[in-house]
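Labels below follow one simple rule: chain letters A, B, ... track the order of the sequence lines, proteins then strands, and each chain is numbered from 1.
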Number of protein chains: 2
Amino acid sequence: MVKLVGHLGADREQIAAFAFEGDVLVVPAHVSTPHTLHALEDSVVHFLRSDDLLPKGRPAMGAGQLLDRILADLGRSRELSALLGRKSARERICGFLVEMEKRIGRRENGAVILDLPMSRREIGDHLGLTIETVSRQLTDLRERSAIATCGRSRIDILDPQGLRALAGSVD
Amino acid sequence: MVKLVGHLGADREQIAAFAFEGDVLVVPAHVSTPHTLHALEDSVVHFLRSDDLLPKGRPAMGAGQLLDRILADLGRSRELSALLGRKSARERICGFLVEMEKRIGRRENGAVILDLPMSRREIGDHLGLTIETVSRQLTDLRERSAIATCGRSRIDILDPQGLRALAGSVD
DNA sequence: CGACATATTGATAGACCTCAAGAGAAGTGG
DNA sequence: CCACTTCTCTTGAGGTCTATCAATATGTCG
């Protein structure tokens, strides 16, 4: 039996999964939470690189790329588990904003503009928080001038670096 | 943009993931938290059945089975996210015990015996709880006669059905 | 402009964490 | 086999963060 551990720094750990005989465990790479594998008892583990899982000469958007994206999905899921298991409301909101910045942010003279297609409720349901807590955290960040808000769906990230620091990740 | 929602009953929802253009999203099946997909804005979504991802005539333990197990890993990760995002300490511990029962439980005249290879700290790090909370919850369950403990690693599940109810899942 | 949904703000309560002490289990060496 | 040490687990008291409940404000759309 082995455990897959995500490291959040400062002795904070999130065990993403336990694996038993016969299980396949995907160790995420290229995520902001470093992961390591530890045996809890004598174990035999076979390692495969995801690169080696499928044929080399890849057709454009073939099975290989599909597998890559499935593994990316799994990586985000691990990241979410670490966030939900070990982070404060402040860190969750900042982590969420940082991820949204990476995925749908538009640069515009210094700031990064986010047009969020989801409501506060949906943000809360994603981060394991209530809408009130989401709202209060955004207010705090606004008062710290880390972000600015405009209407319901637009958030301008004024201090991306500060946000990353508040997100409490390692990277 | 679409959202993948896990339903925990009683209006509790965990949004497992948001997906943007080009993303692949795995919708878990055969997990205890039912998941549904919702569009947040006009979207075009292509659906693939995991069965159709790889060649039919499967060699024993070939690529097809490997993919199945990767998807199983992802399913457990989604389940963990729902647990971490929306469940109380009591529900987390019971959910954990139910999963361990399924994976390493031995039946023995009525009860189910668990020899847990992990420490309280590791259970806590998995469930997003402190060791103290884990310990207190186990004490409560012992006092309710849902479980019995013997030494550090052995837990006997006396009331599997009651445990499932306390786990707060839908299935 | 008016009506409704969504978001913000405030007051309170509760679940879980933190800190601290003690009990129990497991290993070591005589 | 029994001290002795060490680590893990349990139990208790108090504090903190977030949820809950309630009211108000703001945004959106007809």
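G124(A) comes within 4.0 angstrom of nothing in the nucleic acid, heavy atoms only. If you check every strand for non-hydrogen atoms under 4.0 Å, T130(A) touches a base.
Remark: R136(A), R152(A) in residues 134-154 of chain A come within less than 4.0 Å of DNA chain D through at least one heavy atom.
Rounded to an integer number of Å, the gap from CG of D125(A) to P of dT6(C) is 13 Å. If you take CG of L129(B) and C1' of dT10(D), they are 16 Å apart, rounded to a whole angstrom. The separation between E91(B) atom CD and dA15(C) atom C1' is 12 Å, rounded to whole Å. Spacing between atom NZ of K87(A) and atom P of dT18(D) amounts to 14 Å, rounded to whole angstrom units. Following rounding to the nearest Å, I131(A) (CD1) and dA23(D) (P) show an atom-to-atom distance of 16 Å. Rounded to whole angstrom, the span from the CZ atom of R92(A) across to the C1' atom of dA19(D) amounts to 12 Å. Atom CG in L127(A) sits roughly 11 Å away from atom P in dA19(D) (whole-Å rounding). Atom P of nucleotide dT11(D) and atom CZ of R120(B) are separated by 11 Å, given to the nearest angstrom.
The overall bend of the helix from dC1(C)-dG30(D) to dG30(C)-dC1(D), read as the angle between its terminal helix axes built from five base pairs each, is 50° when rounded to 10 degrees.
In terms of modelled atom types and a separation under 3.5 Å, the side chain of R142(B) and the main chain of Q137(B) share no donor-acceptor contact.
Residues R106(B) and D115(B) are paired through a salt bridge, judged by an N-O separation under 4.0 Å between the basic side chain and the carboxylate. Between R86(B) and D11(B), no side-chain nitrogen of the basic residue sits less than 4.0 Å from a carboxylate oxygen of the acidic one, so the salt-bridge criterion is not met. Ion pairing of D73(A) with R78(B) is present here, as a side-chain N (NZ or NE/NH1/NH2) and a carboxylate O approach within less than 4.0 Å.
The one candidate from D140(A), V98(A), L141(A) that meets the side-chain contact (heavy atoms from CB on, under 4.5 Å) condition with L166(A) is L141(A).
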Begin from the C-alpha positions of H38(B) and V5(B) and carry the test side-chain contact (heavy atoms from CB on, under 4.5 Å) through to its verdict. CA-CA 8 Å; H38(B) 302 260; V5(B) 183; 3.6 Å; yes
Verdict with reasoning, E21(A) to R103(B), per salt bridge (Lys or Arg N to Asp or Glu O under 4.0 Å): CA-CA 10 Å; E21(A) 190 166 353; R103(B) 295 172 85 181; over 6 Å; no
S32(B) and E79(B): CA distance, side-chain angles, deciding distance, side-chain hydrogen bond (donor to acceptor under 3.5 Å, both in side chains) verdict: CA-CA 7 Å; S32(B) 62; E79(B) 199 82 77; 3.1 Å; yes
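Two residues are said to be in side-chain contact when any heavy atoms from C-beta on lie closer than 4.5 Å; E91(B) and L83(B) fail this criterion.
Between M118(B) and R90(A), the residue whose closest nucleotide on DNA chain D is further toward the 5' end is M118(B).
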